[in-house]
Amino acid sequence: PVASPAVTPVKSGLVGIFHALPDPVAAGDLVSERQVLGHVESMRLMNDCLATASGTVSAVLVEDNQPVEYGQTLFEIREEEGGQA
């Protein structure tokens, strides 16, 4: 049996407003660990939302200017098998 790739959530570290990048991340995009996926604005400061793994974005669960809660899953990343893609 083939093991299915792990899905890693990218969660908000703050309560605030999510802001997409000028070129928004979409499902199917390849991302690398620690890549900026968007920003969470909290107390008028923009905080980077970073990818927690390298792989393919399998779900975008947040929209631009949407309020987010601490610990809310914003993105899901399907990790690539064998390390480098």
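Along the sequence shown, residues are numbered consecutively beginning with 1.
Screening residues 39-50 for side chain to side chain donor-acceptor pair (under 3.5 Å), with sequence neighbours left out, gives H19-E41, H39-D48.
The structure places CD of E76 at 5.0 Å from OG of S58, a figure rounded to the nearest 0.5 Å.
Contact record, P9 with T73: CB-CG2, 3.8 Å, taken as the closest heavy-atom pair. Across all their heavy atoms, S54 and S32 have their closest contact at OG-CA, 3.4 Å.
Partners of T56 under the side chain to side chain donor-acceptor pair (under 3.5 Å) rule, at least two apart in sequence or in another chain, are E80. Residues that satisfy the side chain to side chain donor-acceptor pair (under 3.5 Å) test with T8, not counting sequence neighbours, are E79. Looking at residues two or more places apart in sequence or on another chain, you find a side chain to side chain contact (heavy atoms under 4.5 Å, CB included) between E63 and Q66.
Clustering of Ile, Leu, Val, Met, Phe, Trp and Tyr by side-chain heavy atoms under 4.5 Å joins V40 with V10, L14, F18, L21, V25, V31, V36, L37, L50, V57, V60, V62, V68, L74, F75, I77. Summarising the hydrophobic clusters (Ile, Leu, Val, Met, Phe, Trp, Tyr; side-chain heavy atoms under 4.5 Å, direct or chained), the residues clustered with L45 are none.
For CG of N65, the number of neighbouring non-hydrogen atoms (other residues, nucleotides, ligands) closer than 6.0 Å is greater than 12.
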